[in-house]
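Below: one structure, written as structure tokens.
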Amino acid sequence: MVALKEYFIHNNIVNMATGFRPKSERIIELAGYSSEELMLLAIEASKHLGWQAGNIKSEEAEFYTSASLRSWQEKVVLSVIDGKDGQLLAISVCTSMQLFDWGKNKQNLDKLIAAMQQVQNSHNMPSNVSKIVDNIACAYTLEEQNTVLSHIRHFYGGIKGITKSIVSPSGVEILIIEPTSRFDCYTLVTCGVGASVMPVPDKEIPSRCEFCMCMPPTWNTEDTWPTDWLLRCASWLQQGNTWITCGHSLSDGTPLHDDTSMTSLLLTIPEERDSGAENCQLPNGDSVAIYQLIPVYTEEVLFKQVNGIMPLLDKMKNVSYIVDTQRENTCIDFSAFEENKDASMSMDEKANASLRSLLTIRKGNIATPLLTYINVALFVIMAICGVSLIAPTGISIIKWGADFGPLTLTGDWWRTVTCNFIHIGVIHILMNMYALLYIGVFLEQLIGGRRLISAYLLTGLFSALASLTIHPEIISAGASGSIFGLYGIFLSYLIFHHKIEKGQRKSLLYSIGFFVFYNLTSGIRVENIDNAAHIGGLISGVVLGILYLLTDRYAVKKASTLCTSLTEISFVLIFASLFAGQTSNLPADFVEIRKMWDNGTLEQYAQNAFFERDAIEAEPNTSFQIPQNTTDVSTFTGSETDLVNGMKEYVNSSCGFSCQYPSTWKTIKKSDAKQILQLQGDGVNSLTVSYLKAPSEEAMEHMHDLLTKSMEGFRVENINIHGKVFEKVSGKMECAVAGGGNIYINQNIVIHMNKKTLESFIIATTTSDDSSESEILEIVESIKIN
């Protein structure tokens, strides 16, 4: 809400930070992956990035980035492209009110793709990995091999044999440890995989590893699928372009062997072994991790991708580390997209991705563009009728319906409505419409178009009422009071309406909360912002939002419309009652200004040159003061002449004024155009002569009343100076002195008014002692007016 302070027009406007949501788009595809597999990969990648998942569907998934210096709760949406399996459309969009994202959205997509590629490497191996084995040549040194073998014998048992391929072409051996009384299973351990160094992204992750697998005591050593898989894992890892660690799963997309539906191997630390079995320290200081391979079902891998490794291990807590490819599937009914089944709702943003779409009236998007069009249309009509696009005057704003206490409280109650559609300049309306569109695109989906329009009007009423209560003397205009009301309603829904999708609710709370906090604190710091209107709109919006929520929650569906109407009628009645209280005991000057407005005098004052130079600047949310002097002023120049008797003479032929003053007094720079002479003596002694020409006799009389009222309690007398009658108002004024104490200052106002020519001369003097008072009296008595 823009406030125009006091009674006329002085305006400095402060910009409100608003904007639309920048976004970045990209097509994501990985060779050999279907759209559904890409979606699952993105879900796991988002967890690695620390993003929060929103609604997850097979055809669309939503994620929210964390709040930090590098990101601010951006929303990342992945959606399947119709007719193009294996491709996803990725969109990162700002959820806060920003004009620029400074590259954050592009960075989000870069991070997502990079994370997806890393996760891809940890899940799948090429189906033709066995063909690559012959091309790999990497082995431990003799000292390293002896260290690894010693570690295996110590923690896993005595080596009783090796695979048929005693030394594989890749330099990897499969060591066989037979069942013992302590470990009733065969243990298969690789030796040689750790000769290759993995390109791990974190120094905390071991860059070398070996694999082990525990087979039941009934295992037939002629059944080679376990050793084949160990060699395939080793050969895949030795290619040097990937890395693995605990929690990763490996698969080529086919069953592990003919008699099982298990498709993957999960990496865990060795179970039931002594402490230290999971790491082998090489002589050069490198650590070789020992990862145990446990066969798992596809559903279990999907569960891990969506929920993480720890929830999966919790589900598998009763699963033995000894391989059983016929065991029960712990996630048999799991669907990676089961979040579809919850009752949460997500705000649809696809239809609102462009400004053109936002401004298109259609089902579900009626109230927001309609309110925007009304505001813009009124602004255009005002411009056509002559109101400045950049710097409209305060009078022009009042004429079109701005809120102004002396008029609103004396009959023009309708200004509490119209002020919410009036804007001060093109920048002001652009910023408010951005804010309206931003909140409208979300809120209309929650409360509907009819409620949105009602809420705009109702919260606008209370916004205007708050402004009238705190400072009724200002001129106030702008949609920001109503917009704050809509933000208040949305805050109520975000806090109490838990059916809104959790990730989106958190993201929007950050964004909306920051917007409200920033603008309210700006109103506290900047004196000219009409913060009362913003607070009034916000509080009424929060209350109205809670009432809407209660209606939706407890009212029978058929009675919901009736309850909503009763709520809104109650708001109107409360406003009417409070407004009626405001209209009682009005200040006398409000009634006087009302009369001046009705007879056109107020507008005449504002049209003179003095007020035109104080025309308002086109920026929003500002107050400006109305001067108390209401007359036309012209700027005059005069001449000074030295006289022989130690005096100087000032002559201003333009207005027919002259006077003499002691040469010890100095002329100083005039601080106002209406002043034709300003003299300064010693200390506080001063004399100022002002010349004014009023537009009418009524204006002159009003100015006279203001002057005499300002000196109420002082002595009034008529004096004659060179044939002209002057009215003199004189008295003493008590002033505090720095360091303590008080002094009394003589203050005089000498007035001469000519009702025929509508010219006025006003001489104001201040002195601190009687000797100076005599000098002032000599100057006044020397005045001549032609």
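All residue numbers in this chain count up from 1 along the given sequence.
- Enclosure of atom CD in Glu328 is not indicated, since only 12 or fewer non-hydrogen atoms of other residues, nucleotides or ligands lie within 6.0 angstrom.
- In terms of the side-chain contact (heavy atoms from CB on, under 4.5 Å) criterion, residue partners of Glu25 (sequence neighbours excluded) are, by chain and number, Lys23, Leu89, Ile91.
- Once rounded to the nearest 0.5 Å, the distance linking SG of Cys214 with CG of Leu293 reads 10.0 Å.
- When every heavy atom of Ile269 is checked against every heavy atom of Cys246, the shortest pair comes out as CG2-SG, 3.4 Å.
- Remark: Asp324 CG to Ile294 CD1 distance equals 12.0 Å, nearest 0.5 Å.
- For His257, the ring pair (Phe, Tyr, Trp, His ring centres under 6.0 Å) partners two or more places apart in sequence, or in a different chain, are Trp225.
- A side-chain donor-acceptor contact under 3.5 Å links Thr65 to the backbone of Glu74.
- Shortest non-hydrogen contact noted between Met39 and Ala61 is SD-CB, 3.5 Å.
- A donor-acceptor contact shorter than 3.5 Å is absent between the side chain of Thr368 and the backbone of Asn365.
- With Glu210 contributing its side chain and Gly192 its backbone, the two residues share a donor-acceptor pair below 3.5 Å.
- Atom CG of Asp252 sits about 9.0 Å away from atom OG1 of Thr263, to the nearest 0.5 Å.
- Side-chain N or O atoms of Gln445 include one that pairs as donor or acceptor with a backbone N or O of Val441 at under 3.5 Å.
- Contact detail for Leu78 and Ile28: the closest heavy-atom pair is CD2-CD1, 4.1 Å.
- Note that the CG atom of Leu313 and the OG1 atom of Thr268 stand 7.5 Å from one another [nearest 0.5 Å].
- Partners of Asn318 according to the side-chain contact (heavy atoms from CB on, under 4.5 Å) rule, which considers only residues two or more places apart in sequence or in another chain, do not exist here.
- Counting only N and O atoms by type, the side chains of Asn279 and Ser287 include a donor and acceptor under 3.5 Å apart.
- By the side-chain contact (heavy atoms from CB on, under 4.5 Å) test, Gln145 pairs with Tyr140, Leu142, Leu149, Glu173, Cys191, sequence neighbours left out.
- Side-chain atoms of Arg208 come within 3.5 Å of backbone atoms of Gly194 as a donor-acceptor pair (strictly under, hydrogens ignored).
- For residues 254-278, every residue pair satisfying the salt bridge (Lys or Arg N to Asp or Glu O under 4.0 Å) rule, not counting sequence neighbours, is listed here: Arg182-Asp274.
- Partners of Gln292 according to the side-chain hydrogen bond (donor to acceptor under 3.5 Å, both in side chains) rule, which considers only residues two or more places apart in sequence or in another chain, do not exist here.
- With contacts defined as side-chain heavy-atom distances shorter than 4.5 Å, the pair Ile439/Phe490 qualifies.
- Closest non-hydrogen pair, Val148 versus Cys280, comes out as CA-SG, 4.0 Å.
- One finds no salt bridge joining Arg232 and Asp228 here, because no Lys/Arg side-chain nitrogen approaches an Asp/Glu carboxylate oxygen to under 4.0 Å.
- Phe63 does not carry Lys75 over the face of its six-membered ring by the limits of under 6.0 Å from the centre and within 45° of the normal.
- Aromatic ring pairs are classed by plane angle as parallel below 30°, tilted from 30° to 60° and perpendicular above 60°; the pair Tyr438 and Tyr487 is parallel.
- With sequence neighbours excluded, no residue satisfies ring pair (Phe, Tyr, Trp, His ring centres under 6.0 Å) with Tyr321.
- With sequence neighbours excluded, the residues that form a side-chain hydrogen bond (donor to acceptor under 3.5 Å, both in side chains) with Thr330 are Glu300.
- Side-chain atoms of Thr245 and Tyr291, non-hydrogen and from C-beta on, do get closer than 4.5 Å to each other.
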- Query: Can you list the steps and then say if Met198 with Leu237 is a side-chain contact (heavy atoms from CB on, under 4.5 Å)?
  - Reply: CA-CA 8 Å; Met198 298 182 292; Leu237 197 61; 3.5 Å; yes

- Query: Which is it for Thr221 and Trp219 under the side-chain contact (heavy atoms from CB on, under 4.5 Å) test, yes or no, and what are the steps along the way?
  - Reply: CA-CA 6 Å; Thr221 57; Trp219 172 59; 3.7 Å; yes

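- Remark: Phe211 CZ to Ile174 CD1 distance equals 10.0 Å, nearest 0.5 Å.
- In this structure, the side chain of Glu44 does not engage the main chain of His48 through any donor-acceptor pair within 3.5 Å.
- Asn108 contributes a side-chain N or O that, together with a main-chain N or O of Lys104, makes up a donor-acceptor pair within less than 3.5 Å.
- When all heavy atoms are compared, the tightest approach of Gly86 to Leu38 is O-CD1, 3.3 Å.
- The shortest heavy-atom contact between Asn307 and Lys47 is N-CE, 3.7 Å.
- Glu29 is linked by a side-chain hydrogen bond (donor to acceptor under 3.5 Å, both in side chains) to Gln87, counting only residues two or more places apart in sequence or in another chain.
- Lys111 contributes atom NZ, which lies 7.5 Å from atom CG of Leu49 (distance to the nearest 0.5 angstrom).
- A donor-acceptor pair under 3.5 Å is absent between the side-chain atoms of Thr224 and the main chain of Thr227, judged by distance alone.
- Side-chain atoms of Thr260 never come within 3.5 Å of backbone atoms of Leu256 as a donor-acceptor pair (strictly under, hydrogens ignored).
- Side-chain contact check for Asn329 and Glu299: at least one donor-acceptor pair (N or O, by modelled atom type) lies under 3.5 Å.
- Judged as a side-chain contact (heavy atoms from CB on, under 4.5 Å), and not counting sequence neighbours, the contacts of Ile176 are Tyr186, Leu188.
- Taking Phe155 as the reference, His151 meet the ring pair (Phe, Tyr, Trp, His ring centres under 6.0 Å) condition, with sequence neighbours excluded.
- Taking the side-chain hydrogen bond (donor to acceptor under 3.5 Å, both in side chains) definition, one finds that Asn146 meets it with nothing, sequence neighbours left out.
- A donor-acceptor pair under 3.5 Å is absent between the side-chain atoms of Ser46 and the main chain of Trp51, judged by distance alone.
- In this structure, Val306 and Phe334 have side chains that are in contact, with non-hydrogen atoms separated by less than 4.5 Å.
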